[in-house]
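Both ligands and their constituent atoms are indexed starting at 1 by order of listing.
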Amino acid sequence: MRYRYSCPACETVSRPYALRGMADAHADDHRHRHHDGDHPWGEDIVTEPGAAWWDIPRGQAIASVIVLVVLIAAALTR
Ligand SMILES: [Zn+2]
């Protein structure tokens with residue numbers, strides 16, 4: 001499952017996210033940047049089927065690998 005933030009006021013849809021929380025964070029950032037923190041009427045988090053590892057946007061995949069490496073390094077240095 002992939003998640004996108006949809007803002008009908010701006011007629012825009014975010015890039016897909018593998019996690020709902022990341023789409024929610026995008027929505028929060030969008031509201032603050034474009035709507036002074038208000039919730040546009042009709043905004044939504046829409047879902048798409050068919051997510052897989054290769055569907056994760058490159059930046060999110062790189063960040064996930066970095067976090068994993070840091071966690072492993074932290075566990076090994078204790
Ligand atoms: Zn908007």
Pairs under 3.5 angstrom only: tabulate donor-acceptor contacts from the side chains of residues 64-78 to other protein residues two or more places apart or in another chain.
unit_1 : atom_1 : unit_2 : atom_2 : d
Ser64  : OG     : Gln60  : O      : 2.8
Thr77  : OG1    : Ala73  : O      : 3.0
Thr77  : OG1    : Ala74  : O      : 3.2

Exercise. Count, excluding waters, the protein N, O or S atoms that are closer to the Zn ion (ligand 1) than 2.8 Å.
Key: 4

Quiz item: How would you list, by chain and number, every residue that makes a salt bridge (Lys or Arg N to Asp or Glu O under 4.0 Å) with Arg33, sequence neighbours excluded?
Solution: Asp29

Side chains of [X] and [Y]: closer than 4.5 Å at any heavy-atom pair?
X: His35; Y: Cys7; answer: yes
X: Arg31; Y: Pro40; answer: yes
X: Arg4; Y: Glu48; answer: yes

Mind listing the side-chain donor-acceptor pairs of residues 8-15 below 3.5 Å, one per line with the distance, residues two or more places apart or on another chain?
unit_1 : atom_1 : unit_2 : atom_2 : d
Ser14  : OG     : Tyr5   : N      : 2.8
Arg15  : NE     : Tyr17  : OH     : 3.3
Arg15  : NH2    : Tyr17  : OH     : 3.2

